[in-house]
Number of protein chains: 2
Amino acid sequence: MTTAPPPAASQTGRSRRSGRQPTIHDVAKAAGVSKSAVSLAIRNQRGVSEATREHILQVAQQLGYRSNVWARSLVQGRTGLVGILLQDLGNSYHRDVTAGVEDAAAELDLRLVIGHGRRDAARLQAELDSLLALGVEGVVIVSSWVPPQYLERVGRRVPLVVVGRLPGQVPGVDSVANRDELGARQAVEHLVELGHTRIAHLTGSARPAAMHRRAAFCEMMRSLLPGVDPQVEGPEQLEAAIRYLVFQVQQETSGPTAVFTQNDRVAADLVGACLDAGVRLPEQLSIVGYDNSSLCRMLRPQLTSVDQPRAQMGRMALDMLAERIGGRTEDRHVTVAPELVVRSSTAAPRG
Amino acid sequence: MTTAPPPAASQTGRSRRSGRQPTIHDVAKAAGVSKSAVSLAIRNQRGVSEATREHILQVAQQLGYRSNVWARSLVQGRTGLVGILLQDLGNSYHRDVTAGVEDAAAELDLRLVIGHGRRDAARLQAELDSLLALGVEGVVIVSSWVPPQYLERVGRRVPLVVVGRLPGQVPGVDSVANRDELGARQAVEHLVELGHTRIAHLTGSARPAAMHRRAAFCEMMRSLLPGVDPQVEGPEQLEAAIRYLVFQVQQETSGPTAVFTQNDRVAADLVGACLDAGVRLPEQLSIVGYDNSSLCRMLRPQLTSVDQPRAQMGRMALDMLAERIGGRTEDRHVTVAPELVVRSSTAAPRG
DNA sequence: GAACAGTGATGGAACGTTCCACGACATCTG
DNA sequence: CAGATGTCGTGGAACGTTCCATCACTGTTC
């Protein structure tokens, strides 16, 4: 049944188990046709009759023939590869964006190669280099950790689309982002409607997306609650900021009655700290997250959060990348609308 | 400063922006040497003098030369690529295993390509095919969803190492797994030491790892608490099983006082259901998870969980794969020891 | 000073594929 | 039946690299 492996496999790497991989020549010889005919048959191109095509395919199947992608892309001068650079595997936001990119890539017959930065700026950059060395025709970058100069330099060689906020203008690089100001507006409006006025913002990062969200929060507060000075905590020393917020809430007289956080991860930490300190949620404090990640439904109380259409953003990013590869030269920046998902971590303030 | 892109990039794909990628020939001509000399220089091989090497490297740098990976692997007959097949991006278990694999691969100068199954058996299989088409020299599979027949068939072409429980014997395929029986023993021992006797097991999957863990639980119970009939819920209709467990706990007379769950995900669902129903944790119910994922520290109470040395498992898997690629033919199956991490979701039972 | 060894450098032959120009043959058209 | 128009199929030339045999030269050794 199973063909036994040869007693001592050669070390050269050239000959895999059970001898060499069959090539197009082997198939041609076995089928009694030219290699060109085989090439046409397996690529489903016209130039061979239906009968010979079928015959060739059958022989190929029998021999276990697999076309060598490298040889093909060598002669065609294109690889059909696109890259996606992730800052962090194991993050559901990235997973969902990736799913969108994958779907769009599959439709366009592009193969997706994943690069993984592991939350480390240097590694992220190395990984991007590695993708380029592999010969990707473009890269979707799901991270705001790549420095703009580097982005611009790489962008000159190969099309790039960033999912998320770009740190300022980067000529030659496209982007797709959610409208943070709209997300912040929905969060603040929701809290104000519930009756909150002492609303704080908590952030754990100084990267563009976070800063943008923070600015949007401040602006929204000023327009909806003029006279109230918007309170902002973070991004340095997140843990201390959380402790301080919890302390303020426990005073009850002047502390915030609601917190809009930079994302669900930060919100989860805040929820944990509150529960540890005996702060009752949502009675004493309403909390709004950002991302609508899978965390929201696992926490208690379940987290009210701003949802980004992640898969759609991924699709758009890849479509834009494909346009670039196709020759578009002018920059494009698109944004999508986020949407608030209300759960049980928000309620009217006491009294 | 920035070289402007040409007004209309050609559509052929062959010529990238700013003309064709420079090849080894271009460098050779510019440096006034033969292409062979360039090849030797860039690969740091002997056969060129130090002076010419330096000169060549400088010219290459200036021209922005990048060696073409395909051409190289075409002639060398090996790609230097290994694959890793993940069932689910966005899962911290997979992320950590991947990190270990990445580190080991980097040390061996192998490039890692990630395949993503998106929790779908068919897609997983397609993704494995795609990796093979890319020419990987071996694959680490972090998933128990690939059917054994398929595993065996692919394993005949290319070395495979499975991280996790293999579904029975699969000749030609290696594996690295944690000792579920040891994990189950530690969990049960911990609960028994706290004074629990009515301990249930909750599982949400019928895959090998879960079944193995379940069997280990039953065995442990029989040996530590003879006379008690081990209660097992799931894997079908997880939600209903959870509801039933919560109902039993609320009776207080005969229901379980502790639950050992198949993994942290399932534990999180149970925690949520308990809190929703007003069951106090850990007073009324102790809960032990499996995986020691990032979830554990986000939930309240923080989850006691069995830790698997994920990164180490990843490293071992890749090292074993490299051995296989190097020519080893006999099968190897290694296991590692898990370790219980006690947090606040477990306590002595009331009364 | 002849034979030899070692170093630096070279051109041509692969690697497995696609592309292109062209040829053999059949079928249609006036 | 001569020419036009297809269809089916072919061999050779690329693609960018590494590998190998070979060569020219410089010392070194007897």
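Small disclaimer: the values here were computed from a predicted structure and weren't measured. Residue numbers begin at 1 in each chain, while the letters A, B, ... track the order of the sequences.
As rounded to whole Å, 12 Å separates atom C1' of dG16(D) from atom CD of Q21(B). With rounding to whole Å, I24(B) atom CD1 is found 13 Å from dG11(C) atom P. In this entry the distance linking CZ of R78(A) with P of dT17(C) reads 18 Å, nearest Å. Taking atom CD of residue E54(B) and atom C1' of nucleotide dG8(C), one finds them 16 Å apart after rounding to whole Å. Separating the CG atom of N68(A) from the P atom of dA14(C) is a distance of 18 Å, rounded to the nearest angstrom. The nearest whole Å value for the distance from the CD atom in Q45(A) to the P atom in dC20(C) is 11 Å.
Between S39(B) and dT18(D), a side-chain N or O to OP1/OP2 separation shorter than 4.0 Å is present. For the pair Q76(A) and dC15(D), the criterion of a side-chain N or O lying under 4.0 Å from OP1 or OP2 is not met. A close approach under 4.0 Å does not occur between any side-chain nitrogen or oxygen of R72(A) and OP1 or OP2 of dC19(C).
In this structure the side chain of I325(B) reaches within 4.5 angstrom of the side chain of V82(B), judged on heavy atoms. Between D129(A) and R66(B), some side-chain heavy-atom pair lies under the 4.5 Å cut-off. In this structure, V48(A) and V33(A) have side chains that are not in contact, with every pair of non-hydrogen atoms separated by 4.5 Å or more. The shortest distance between side-chain heavy atoms of I84(A) and V139(A) does not fall below 4.5 Å. Counting heavy atoms from C-beta outward, T98(A) and R118(B) have side chains that stay 4.5 Å or more apart. Taking the side chain as every heavy atom from C-beta outward, N68(B) and T23(B) never approach each other to under 4.5 Å. Side-chain atoms of L112(B) and H116(A), non-hydrogen and from C-beta on, never get closer than 4.5 Å to each other.
Environment of CD in E330(B): crowded, with over 12 heavy atoms of neighbouring residues, nucleotides or ligands closer than 6.0 Å. Atom CD of Q45(A) has more than 12 heavy atoms from other residues, nucleotides or ligands within 6.0 Å.
Of the candidate nucleotides dT17(D), dC19(C), dG16(C), dT17(D) has the atom nearest to the side chain of S67(B).
For DNA chain D, no neighbouring residue in residues 56-66 of chain A is found when judged by any heavy atom under 4.0 Å.
Nearest heavy atoms, A317(B) versus V176(B): CB-CG1, 3.7 Å.
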Distances under 3.5 Å only, N/O to N/O: pair up the protein atoms with those of nucleotides 8-12 of chain D.
{"residue": "dG9(D)", "atom": "OP1", "partner": "T52(A)", "partner atom": "OG1", "Å": "3.4"}
{"residue": "dG9(D)", "atom": "OP2", "partner": "S49(A)", "partner atom": "N", "Å": "2.6"}
{"residue": "dG9(D)", "atom": "OP2", "partner": "T52(A)", "partner atom": "OG1", "Å": "2.9"}
{"residue": "dT10(D)", "atom": "OP2", "partner": "S34(A)", "partner atom": "N", "Å": "3.1"}
{"residue": "dT10(D)", "atom": "OP2", "partner": "S34(A)", "partner atom": "OG", "Å": "2.9"}
{"residue": "dG11(D)", "atom": "N7", "partner": "S36(A)", "partner atom": "OG", "Å": "3.0"}
{"residue": "dG11(D)", "atom": "O6", "partner": "S36(A)", "partner atom": "OG", "Å": "2.8"}
{"residue": "dG12(D)", "atom": "N7", "partner": "K35(A)", "partner atom": "NZ", "Å": "3.4"}
{"residue": "dG12(D)", "atom": "O6", "partner": "K35(A)", "partner atom": "NZ", "Å": "2.7"}

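The rotation axes computed at either terminus of the helix from dG1(C)-dC30(D) to dG30(C)-dC1(D) lie 50° apart, taking five pairs at each end and rounding to 10 degrees.
Side-chain atoms of E152(A) never come within 3.5 Å of backbone atoms of G172(A) as a donor-acceptor pair (strictly under, hydrogens ignored).
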